[in-house]
Amino acid sequence: MSEAGGLRTLKKERTRQAIADAAIGLFLANGFDRVSVAEIAAAAEVSKPTLFRYFPAKEDLVLHRFSDHQGESGRVVRARRAGEGPLAALRRHFLDRLAERDPVTGLCADPEVLAFRRLVYETPSLSSHLLGFIAADTDALAEALAGAVAGSGGGAVAGAVAGAGGGAPELTARLLAAQYLAVHHALAYRNWSRLASGMPLPEAADGAVADAGTAFTLLASGASAYGY
């Protein structure tokens, strides 16, 4: 990439971030439905056509913050350690993110993060659009899990799938992917709820780790018949 091209890319990213920051600030202060696109464009000092070039829908101004994690669970499965099962890798990753207080786990006491999640959870149009991200994540994880079965070379994992009478490995992979993503978002909501209600972070963290243990044990007991 040329120096000029790099500068253009940097300028575009700064513009995109400025628009998103202005939008989220207005949404948190006034509510999602009470802020117009024109107000956001004015606050960000851009035109409405420019805003829509960066964010085709109003909901994208909020949900772009989830884009950094798009497909993350699938990447975790593909990059898992030698000899580590897919579900074990997902569990380890989730617990690591809890320990780091990653906002994606809901276990982040930063007031702006708590307010941002409240905005998403309590705005119907944002919650419904979030389902699109979950669907894409499910596709990516299902593909990675199916690859894990295929990569077993017809060994124990694939044999367990066939022996369980579960039919096509693609179906079992998709069902487990859907279950995992549902668990992930349920845990994140529960963690956020604790903090939003005023629970101290250390106590909320203890509960988050215990809940993760319960959730992954249930996933594993159901998934074990299929070799995961």
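The structure presented is a predicted model; accordingly, all values stated were derived computationally and were not measured.
- Of the possible polar contacts, none joining the Asn30 side chain to the Val35 backbone as a donor-acceptor pair under 3.5 Å is found.
- The shortest side-chain heavy-atom distance between Phe52 and Val37 falls under the 4.5 Å cut-off.
- Using a 4.5 Å cut-off on side-chain heavy atoms (C-beta onward), Arg118 and Leu114 make no contact.
- For the atom pair CZ of Arg101 and SG of Cys108, the computed distance is 9.5 Å after rounding to the nearest 0.5 Å.
- Using a distance-only test at 3.5 Å, with no hydrogens or angles considered, no donor-acceptor pair links the side chain of His93 to the main chain of Ala89.
- Closest approach of Leu145 and Ala173 over heavy atoms only: CD1-O, 3.6 Å.
- Between His129 atom NE2 and Ile134 atom CD1 the span is 13.0 Å, to the nearest 0.5 Å.
- Side-chain atoms of His64 come within 3.5 Å of backbone atoms of Leu61 as a donor-acceptor pair (strictly under, hydrogens ignored).
- Side-chain atoms of Leu98 and Asn191, non-hydrogen and from C-beta on, do get closer than 4.5 Å to each other.
- Of all non-hydrogen atoms in Leu195 and Gly106, the two that sit nearest each other are CD1-O, 3.6 Å.
- Between the side chain of Ser127 and the backbone N or O of Val120, at least one donor-acceptor pair lies under 3.5 Å.
- Counting heavy-atom neighbours within 6.0 Å of Glu45 CD, excluding the residue itself, gives a total of 12 or less.
- Between Tyr189 and Tyr121, the ring planes lie perpendicular to each other; the angle is over 60°, past the 30° to 60° tilted range.
- Of the possible donor and acceptor atoms, one in the side chain of Lys58 sits under 3.5 Å from a partner among the backbone N and O of Phe32.
- For the pair Arg80/Val77, a side-chain contact is recorded, criterion being any heavy-atom separation below 4.5 Å from C-beta on.
- Contact annotation: the side chain of Glu72 never approaches that of Asp137 to less than 4.5 Å [non-hydrogen atoms, C-beta and beyond].
- Heavy-atom contacts from other residues, nucleotides or ligands closer than 6.0 Å to CD of Glu84 number more than 12.
- Remark: the backbone N or O of Pro103 is paired with a side-chain donor or acceptor of Arg117 at under 3.5 angstrom.
- Other residues, nucleotides and ligands contribute more than 12 heavy atoms inside 6.0 Å of the CZ atom of Arg65.
- Considering only heavy atoms from C-beta on, Glu170 stays 4.5 Å or farther from Glu143 through its side chain.
- Counting only heavy atoms from C-beta outward, the side chains of Leu201 and Leu107 approach each other to under 4.5 Å.
- Using a 4.5 Å heavy-atom cutoff, the side chains of Phe133 and His69 are not in contact.
- Of all the heavy atoms in Gly74 and Ala144, the pair that sits closest is O-CB, 3.6 Å.
- Judged by distance alone, the side chains of Arg53 and Thr50 do bring a donor and an acceptor atom under 3.5 Å apart.
- Between the side chain of Thr105 and the backbone N or O of Asp102, at least one donor-acceptor pair lies under 3.5 Å.
- Side-chain atoms of Gln70 and Ser67 include no donor-acceptor pair closer than 3.5 Å.
- Comment: Asp139 engages Arg174 in a salt bridge, judged by a side-chain N to carboxylate O separation of less than 4.0 angstrom.
- Between Phe94 and His184, the ring planes lie perpendicular to each other; the angle is over 60°, past the 30° to 60° tilted range.
- In terms of modelled atom types and a separation under 3.5 Å, the side chain of Glu13 and the main chain of Leu10 share no donor-acceptor contact.
- Glu203 and Arg194 are not joined by a salt bridge, as no carboxylate oxygen comes within less than 4.0 angstrom of a charged side-chain nitrogen.
- Salt bridge absent: Arg34 and Glu39 never bring a charged side-chain N and a carboxylate O closer than 4.0 Å.
- Between Thr9 atom OG1 and Arg14 atom CZ the span is 12.0 Å, to the nearest 0.5 Å.
- Interatomic distance, CD1 of Ile19 versus CD1 of Ile40, reported as 9.5 Å (0.5 Å rounding).
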